[in-house]
**Q** 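Sharing a structure with you now.
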Amino acid sequence: MSSRTLPLLFINLGGEMLYILDQRLRAQNIPADKAKKVMNDIITTMFNKKFLEELFKPQELYSKKALRTVFDRLAHASIMRLNQASMDKLYDLMTMAFKYQVLLCPRPKDILLVSFNHMDAIKDFVKDTPSILGQVDETNRQLIEMYTTLSSGDFQLIRQTLLIFFQDMHIRVSIFLKDKVQNSNGRFVLPTSGPVPYGTQVPCLIRMFSCSGEEVTRRQFSNGGNYTAALREGSFEIFGDRVTKLGTNMYSVSRPVETHMSGTSKNSAQHAKVNVAPNPLAKEELNLLAMLMGGLEVQKPGNADNGFRVNLFSTDEEEEEALITRPDDLSYGVINIQATKDQQANAELAKIMGEFTESGDQSPGSSSKGDDLLAMMDGL
């Protein structure tokens, strides 16, 4: 597992979320000033300096539920509201889109080009707001500094870590199904044609060498596909041609997007033992994690005229039906987490933390995820 995967996962999922919200805001004819405020507020929060400093530290990936909680808070960082069914659908679309992009990257290093495509689009969303644009540019510089010097082996480990994170997600998406890049069981169809990875040759030739290293014979074979050589490598600079289209906005042409659970997911959901009562300590951890967003409090509109609801379904009836029919273990639910305001719960957590410390088993140089989160809380 790579300890450098989290920033790429967060930025790419965040980029996909912004694509979807932008499309829905336009589809529902939300006034331009309100739509712009929503996008600006979310991007400002997403690229909060304090959170990004913590995000770019080497660390393991957050759990699926913890990461979902962060994006739930992020989506509600402005005056827009999403019901649970719409939030579930939003997260499904985000994760399946980025999973598809990771699978189709010709080289593991191209995951960075996908990230730059997302960053380029985000910059375009805030091109008229210099202060927010500066935040995005600073994150771009951090990406270049951290990732452009990594080896191919490091990127392969990042790719493997991402695929492990996504391996149990098989949500069917209408756009992918219509384009015949996803099967009815939710698994993606990998192409057997197109450009080969940059720096490699089209497969169709076997060379045989002598003991002295001299080429003695060649043999052609059929590669079973229609491959072409890569024309050029994408740019890894702040500005430039990324070459690949992976990570660009697939919702720029308005098309209805539906999500459906695959048969595999439904069957596993029916046999899963779901504990409907959330673990209180898990709730505390999730809240502390969300607070890393640097003041990511859900905004409460002063009056009904300012706030509005966005629906990711065609009608309210479809949204209600999706909420009812979705298996419990596939719906993350909405947990009201208030660890920072619940003094009694904080005291109990501090007592538990103290008991671990007093055991003396932990070496002075080691630290835990809980320690880091509590330390961040003290600094806020």
**Q** When hydrophobic residues are tied together by side-chain contacts of less than 4.5 Å, even through go-betweens, does V114 share a cluster with L190?
**A**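 V114 and L190: one cluster.
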
**Q** Would you indicate whether the side-chain heavy atoms of L90 and M87 approach each other to under 4.5 Å?
**A**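 Yes - at least one pair of side-chain heavy atoms lies under 4.5 Å apart.
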
**Q** Answer with yes or no after comparing the ring centroid distance for Y100 and F188 against a 6.0 Å cut-off, counting only values under it.
**A**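 Yes, the ring of Y100 comes within the 6.0 Å limit of the ring of F188, centre to centre.
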
**Q** Is it possible for you to check whether K64 lies under 6.0 Å from the centre of the six-membered ring of Y91, through NZ or CZ, and within 45° of that ring's axis?
**A**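 Checked: cation-pi criterion not met.
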
**Q** I'd like to know whether I175 forms a side-chain contact (heavy atoms from CB on, under 4.5 Å) with Y251, so could you lay out the CA-CA distance, the side-chain angles of the two residues, the decisive distance to 0.1 Å, and finally the verdict.
**A** CA-CA 9 Å; I175 285 181; Y251 308 100; 3.9 Å; yes

**Q** Classify the ring geometry of F236 against F116: parallel below 30°, tilted from 30° to 60°, perpendicular beyond 60°.
**A**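 Perpendicular: the ring planes of F236 and F116 meet at over 60°.
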
**Q** Side chains of D88 and R68: does their closest heavy-atom pair fall under 4.5 Å?
**A**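 They are in contact (side-chain heavy atoms under 4.5 Å apart), so the answer is yes.
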
**Q** Stepwise, does the salt bridge (charged side-chain N to carboxylate O under 4.0 Å, His left out) test hold for D137 with R141?
**A** CA-CA 6 Å; D137 283 337; R141 284 188 283 271; 5.3 Å; no

**Q** For residues 128-160, which residue pairs pass the ring pair (Phe, Tyr, Trp, His ring centres under 6.0 Å) check, not counting sequence neighbours?
**A**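 Not a single pair qualifies under ring pair (Phe, Tyr, Trp, His ring centres under 6.0 Å).
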
**Q** What pair of heavy atoms forms the shortest contact from S2 to T161, and how long is it?
**A**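 Between these two residues, the closest heavy atoms are N-OG1, 2.9 Å.
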
**Q** Who passes side-chain contact (heavy atoms from CB on, under 4.5 Å) against E53, sequence neighbours left out?
**A**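 Checked E53 against side-chain contact (heavy atoms from CB on, under 4.5 Å); matches are K49.
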
**Q** Heavy-atom distance under 4.5 Å between the side chains of I132 and F47, does that happen here?
**A**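 SC-SC contact between I132 and F47 ruled out.
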
**Q** I'd like to know if the side chain of E16 reaches the main chain of A97, judged simply by a donor and an acceptor atom lying under 3.5 Å from each other, with no hydrogens or angles considered.
**A**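 Not confirmed, E16 side chain does not pair with A97 backbone.
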
**Q** With the side chain counted from C-beta on, respond yes when L21 and R24 share a heavy-atom pair under 4.5 Å apart, and no when they do not.
**A**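 The answer is no, as the side chains (C-beta and beyond) never meet within the 4.5 Å cut-off.
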
**Q** Give the other cluster members for M1, using side-chain heavy-atom distances under 4.5 Å between Ile, Leu, Val, Met, Phe, Trp and Tyr residues; answer none if it is isolated.
**A**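 Its cluster partners, ordered by chain and number, are I164.
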
**Q** Would you say M146 ends up clustered with M119 if hydrophobic residues are merged whenever their side chains have heavy atoms under 4.5 Å apart, either directly or through other cluster members?
**A**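 Yes, M119 and M146 fall within the same hydrophobic cluster.
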
**Q** Spell out, as yes or no, whether a donor-acceptor pair under 3.5 Å connects the side chain of E214 to the backbone of S212.
**A**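 It does not hold such a pair.
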
**Q** Are D124 and K127 ion-paired here, with the side-chain N under 4.0 Å from a carboxylate O?
**A**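 Salt bridge between D124 and K127, a charged N being under 4.0 Å from a carboxylate O: yes.
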
**Q** Is a side-chain donor or acceptor of Q182 paired with a backbone partner of H170 at a separation under 3.5 angstrom?
**A**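 No: the side chain of Q182 does not pair with the backbone of H170.
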
**Q** Hey, does the side chain of N249 reach the backbone of Y19 with a donor-acceptor pair shorter than 3.5 angstrom?
**A**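 No, the answer is negative, given that no donor and acceptor are paired below the 3.5 Å cut-off.
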
**Q** Test side-chain contact (heavy atoms from CB on, under 4.5 Å) on M17 and I42; report intermediate values, then the result.
**A** CA-CA 10 Å; M17 182 179 76; I42 291 176; 3.8 Å; yes

**Q** For Q167, is the CD atom crowded, meaning more than 12 foreign heavy atoms sit under 6.0 Å from it?
**A**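 Yes, because the 6.0 Å sphere around CD of Q167 holds more than 12 heavy atoms from other groups.
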
**Q** What residues, two or more places apart in sequence or in another chain, satisfy side-chain hydrogen bond (donor to acceptor under 3.5 Å, both in side chains) together with E215?
**A**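 Testing E215 for side-chain hydrogen bond (donor to acceptor under 3.5 Å, both in side chains), a comparison that skips the adjacent residues, returns R218.
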
**Q** Is the shortest heavy-atom distance from the side chain of F56 to the side chain of L143 under 4.5 Å?
**A**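 Yes, at least one pair of side-chain atoms sits under 4.5 Å.
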
**Q** Do you know which two heavy atoms are closest between G186 and M96, and how far apart they sit?
**A**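 Closest approach of G186 to M96, heavy atoms only: O-CE, 4.0 Å.
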
**Q** Do you know which two heavy atoms are closest between R242 and E237, and how far apart they sit?
**A**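 Shortest heavy-atom separation between R242 and E237 comes out as NH1-O, 2.6 Å.
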
**Q** To the closest 0.5 Å, what do you measure between CD (Q101) and CG (N12)?
**A**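 Reported value, rounded in 0.5 Å steps: 6.5 Å.
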
**Q** If you draw a 6.0 Å radius around CD in E138, do more than 12 non-hydrogen atoms from other residues or ligands fall strictly inside?
**A**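 Atom CD in E138 is crowded, with more than 12 foreign heavy atoms closer than 6.0 Å.
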
**Q** Give a yes or no on whether the backbone of T44 and the side-chain of Q135 come within a donor-acceptor separation of less than 3.5 Å.
**A**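 Pair found, side chain donor or acceptor close to backbone of T44.
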
**Q** Using the side-chain contact (heavy atoms from CB on, under 4.5 Å) rule, take V181 and L104 through it: C-alpha gap first, then chi angles, then the decisive distance, then the call.
**A** CA-CA 11 Å; V181 297; L104 259 66; over 6 Å; no

**Q** Shared ILVMFWY cluster between V189 and L163, side chains joined below 4.5 angstrom?
**A**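 No.
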
**Q** Which pair of non-hydrogen atoms, one from V216 and one from S210, has the smallest distance, and what is that distance?
**A**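 Minimum heavy-atom separation between V216 and S210: CG1-CB, 3.7 Å.
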
**Q** Is a side-chain donor or acceptor of Q59 paired with a backbone partner of E54 at a separation under 3.5 angstrom?
**A**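 Pair found, side chain donor or acceptor close to backbone of E54.
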
**Q** Would you confirm whether T95, through its side chain, and D92, through its main-chain N or O, come within 3.5 Å as a donor-acceptor pair?
**A**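 Side chain of T95 to backbone of D92: a pair is present.
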
**Q** Tell me if a side-chain donor or acceptor on N185 pairs with a main-chain N or O of R187 at a distance below 3.5 Å.
**A**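 Side chain of N185 to backbone of R187, a donor-acceptor pair under 3.5 Å: yes, one is there.
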
**Q** Are a donor atom and an acceptor atom from the side chains of S151 and D154 found within less than 3.5 Å of each other?
**A**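 There is such a pair (donor and acceptor under 3.5 Å, judged by atom type) between the side chains of S151 and D154.
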
**Q** Can you tell me how far the CG atom of L67 sits from the CE atom of M94, to the nearest 0.5 Å?
**A**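 Spacing of CG (L67) from CE (M94) equals 7.5 Å.
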
**Q** Is there a donor-acceptor contact under 3.5 Å from the side chain of N83 to the main chain of A85?
**A**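 Pair absent, no side-chain N/O of N83 close to backbone of A85.
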
**Q** Evaluate the side-chain contact (heavy atoms from CB on, under 4.5 Å) criterion for residues L93 and V173: first the C-alpha distance (whole Å), next the side-chain angles of each, then the deciding distance (0.1 Å), finally the verdict.
**A** CA-CA 7 Å; L93 291 170; V173 179; 3.6 Å; yes

**Q** If you look at every heavy atom in M46 and I11, which pair is closest and at what distance?
**A**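 In terms of heavy atoms, the two residues are closest at CE-O, 3.7 Å.
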
**Q** Would you call I158 and L150 a side-chain contact if the rule is heavy atoms closer than 4.5 Å?
**A**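 They are in contact (side-chain heavy atoms under 4.5 Å apart), so the answer is yes.
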
**Q** Any side-chain heavy-atom pair from L18 and M39 closer than 4.5 angstrom?
**A**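 In contact.
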
**Q** After noting the C-alpha distance and the side-chain angles of D241 and R232, does the key distance pass the salt bridge (charged side-chain N to carboxylate O under 4.0 Å, His left out) rule?
**A** CA-CA 10 Å; D241 182 6; R232 61 190 183 281; 2.6 Å; yes

**Q** Please identify which of these residues, L162, T5, L9, meets the side chain to side chain contact (heavy atoms under 4.5 Å, CB included) condition with I111.
**A**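 Between I111 and the candidates, side chain to side chain contact (heavy atoms under 4.5 Å, CB included) is satisfied uniquely by L162.
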
**Q** Can I get a per-line list of side-chain donor-acceptor pairs under 3.5 Å for residues 191-198, giving both atom names and the distance, sequence neighbours left out?
**A**
none

**Q** Salt bridge or not for D33 and K37, using N-O below 4.0 Å?
**A**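 Not counted as a salt bridge, because no side-chain N and carboxylate O are separated by less than 4.0 Å.
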
**Q** Work out which heavy atom in F10 is nearest to a heavy atom in F51; give both atom names and the distance.
**A**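 What the structure gives for the nearest pair is CZ-CE2, 3.5 Å.
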
**Q** Sequence neighbours left out, what passes side-chain contact (heavy atoms from CB on, under 4.5 Å) with T244? Give chain and number order.
**A**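 Partners of T244 by the side-chain contact (heavy atoms from CB on, under 4.5 Å) criterion, ordered by chain and then number, come out as L113, N117, L246.
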
**Q** Grouping I, L, V, M, F, W and Y whenever their side-chain heavy atoms are under 4.5 Å apart, do I122 and F239 come out in a common cluster?
**A**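 Yes.
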
